[in-house]
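Data first, discussion second: the structure below is written as structure tokens.
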Amino acid sequence: MNTIALVGNPNSGKTTLFNALTGTNQHVGNWPGVTVEKKEGTLNFKGKKYNIVDLPGTYSLGAYSEDEVVARDFIMKDDPDIVINVVDATNIERNLYLTTQLLEMGTKVIIALNMMDEAKEKNISIDIKKLSKELGVPVIATVASKKNGIDDLIKEAIDFMGREKTSQNKIDYGKDIDLEINRLKEVIENSNLNTGYPAEWVAIKLLEGDEYISKIIDKNILNIAQESSDTIAVAAMEPELIIVDKRYEFIGNIVNKAVKKPKEEVITKSDKIDKVLTHKWFGLPIFALIMLAVYQLTFAIGEDILQEGLNAGMEALTEAIEGFLINVNAPELLTAFITDGILGGVGAVVEFVPLIMVLYLLLGILEDSGYMARAAYVMDRIMRSVGLHGKTFISMLVGVGCNVPGIMATRTLDSKKDRMIAILINPFISCGARLPIYLVFISAFFPKHKALILFSIYAFGFLVAIIMGKIFSKTLFEGESSYFVMELPPYRVPTLKGTLLNMWDKVSSFLKRAGTVIFAVVTVLWILSVLPYGVEPYSEASILGKIGSFIAPIFKPAGFGTWQASVGLFAGIVAKEAVVATLGMVYAGVEEGAKLISAVQGAFTPLSAISFMAMTLLYTPCAAVIGTVKRETNSTKWATFTALYTFAIGWIVSVLIFQIGRLFGLS
Amino acid sequence: MNNMPLSFFSTGEKGTVENILGGEKVSKRLYEMGFNKGTEVKVMKNDAGPIIVSLSGYKIALGRGLAQKILINKQ
């Protein structure tokens, strides 16, 4: 199967194009050895199949981040049959920078000149033929969000695969640099070093001071490269800056010939919206209101409309299965395992799929519309005032989905100090798996203020994270914070397809976990709850009950010192979904037929419910997160520290809530 | 010469990039994001928090420390 790779700047519409090409035939994985997300899909065109690889969005193909190394290694070493470079037509100079690097690499490339509709709106006119001639590569105009030009793009890409590359234009670096490039190229060719990259390209990268190439190259060559750099620096200036300058010069010449732009910049709709949303005083309250609305809608749509239907369906299913099992005279133990264990446990988790669906749909819309970048902007002031980097907030927002990618998102932070802090505080951001726990307790005790309580829980998690960040930056880590640079993409109406695919990603991984990890945890817990043989199932006398009773005293001062709650928290260290699954099993078992919510109403008080929710919000993150902390910090010490200190914080906070609440006469 | 750090510009003011001071890594990154010499920069917002600038229509938020290092030739 032929492979087509997509490469382009962030916000160039690359993902939209990827969705348009592959539809639902896509899957997300990881690049080997690194934690960068790898998206692949299949394109069906005229009866043939093509493998489409969506490379990470980057501004450049240097070695500035892992994303860039992944993208350029794929292009140079995996040899895709063709590379489609997605270029944002409204922002052509900067986007062509990446293109110049592709040309340098000698890539067989075709340009998708995207967002042509927006360019037209801004009165930018581009002579596509001229652009194509000047660059020496095919250029196709597209509007990926409206699927315009996609067929032409595919046809040209496939056609080009069978053709020889025509002479692409080269960048003229000027005499000083060319001389040294040639000298280095010869040295590299004459050495027996095999980097897997073309010699000329390696020579340019060495002059650019590319860290990655410098690491894999021979010491002798590195010394010669240093000499070359010094020679150039003496004659002119730092070679790496000259090289960047020359690339822009090359682009400037092309743009002058092929692009006409209005002199006066028009004030766009985005500018007007930004005046309000990033306002000095209103920005933050607006952000809070938007988030509150998100949670409100989550309940309004997810619970009141969707969940009722699902619940009715689940009940009917449980009854049907139970009826069937009794009819075929299945062993009692098997019936109990399936109805109480699997349906009670895994079912308790699956029940929350509608809410998770709606929440991630709404968050996805905010993300795709361009608002999330503004949220990070607005929050930067607060983050900075406590000594955290503004981008820490982005890793926190990702953490709302799941803390594993949240912690991985800290890679965009350049300084070690910022990054370590961002990693350590991420677990306090409530992930999707913890959501069902709050939903059960909120429905049981605070049905009148659902959205407000849920919003407060999330906000509280952020607050604790920020406070801990402040403490860490004052105590554990020294050094400077790194700089803050972030693009604010124009506001766009999200495409239906992109939003739905995004949501499906989240929901399907939630379901997958329910079917695997949670299923396994529930099975083990169920077995523990019916042993030793002959004991009353799900009772305190079972092994599970005994484990719970052993832990329970620790939680007594926090108001939930029952063996059931303890077992739930214990299971939550494996996976947070398991908390509700376990409660569903032990409570549904104790009170035959009783629903989890009414069982919880009997076992907790409003105050101990709040205290329990605080505990589940803050205490030790799941095993996957601890594993990620270990991998990302490359240290068992920090992983252990994370597991322990979060537990301590969770315990202290829930004890404080319960004890202070009682002082005020709450129960 | 009319060169001033970007951080001193008020909302609505314009200029062209003259030079970027500071470490090579930072300068190169800014170059690659479009702050190359001669590019027109318009300050969209400079009150509290990071500065928002527009580089031929696309917007970038920059921390104040960084904005201090970008020298702009005022128009």
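Below, read A as the first sequence line, B as the second, and so on, with proteins coming before strands; counting in each chain starts at 1. What you see below is based on every heavy atom in this structure, not just the backbone, and it leaves out hydrogens, waters and symmetry mates.
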Does the side chain of [X] reach to within under 4.5 Å of the side chain of [Y], using non-hydrogen atoms?
X       : Y        : answer
B/Tyr58 : A/Leu488 : no
B/Met33 : A/Val485 : yes
B/Met44 : A/Asp271 : yes

Gap separating the [atom1] atom of [X] from the [atom2] atom of [Y], nearest 0.5 angstrom:
X        : Y        : atom1 : atom2 : answer
A/Thr278 : B/Lys45  : OG1   : NZ    : 4.5 Å
B/Ile52  : A/Arg374 : CD1   : CZ    : 7.5 Å
B/Thr39  : A/Glu93  : OG1   : CD    : 7.5 Å

(request) Would you mind telling me which of B/Pro50, B/Gly38, B/Gly65 has the largest number of heavy-atom pairs within less than 4.5 Å of chain A? (result)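 Looking at each option in turn, the highest pair count goes to B/Pro50.
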
(request) Tell me, out of B/Leu62, B/Leu66, B/Leu30, B/Ile20, who's got the most heavy-atom pairs with chain A below 4.5 Å. (result)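 Winner by heavy-atom pair count: B/Leu66.
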
(request) Decide whether A/Tyr97 and B/Glu32 meet the rule of one side-chain donor and one side-chain acceptor closer than 3.5 Å. (result)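 B/Glu32 and A/Tyr97 do have a side-chain donor-acceptor pair below 3.5 Å.
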
(request) Taking B/Tyr31 for its side chain and A/Asp245 for its backbone only, find out whether a donor-acceptor pair lies under 3.5 Å. (result)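 Not at all, since once roles are kept as given, no pair shorter than 3.5 Å links the two residues.
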
(request) Tell me, for A/Asp88 versus chain B, whether the close heavy atoms (under 4.5 Å) come from the side chain, the backbone, both or neither. (result)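 Interface part for A/Asp88: neither.
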
(request) Could you look at A/Glu211 and say if it's the side chain, the backbone, both or neither that has a heavy atom under 4.5 Å from chain B? (result)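 Interface part for A/Glu211: side chain.
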
(message) Does this structure show an ion pair linking B/Arg29 with A/Glu68, if we count only N-O contacts that are shorter than 4.0 Å?
(response)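 Yes, this pair counts.
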
(message) Looking at chain B, which one of A/Lys261, A/Lys280, A/Arg247, A/Lys122 has the largest number of heavy-atom pairs inside 4.5 Å, strictly under?
(response)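 Most pairs with chain B among the choices: A/Lys280.
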
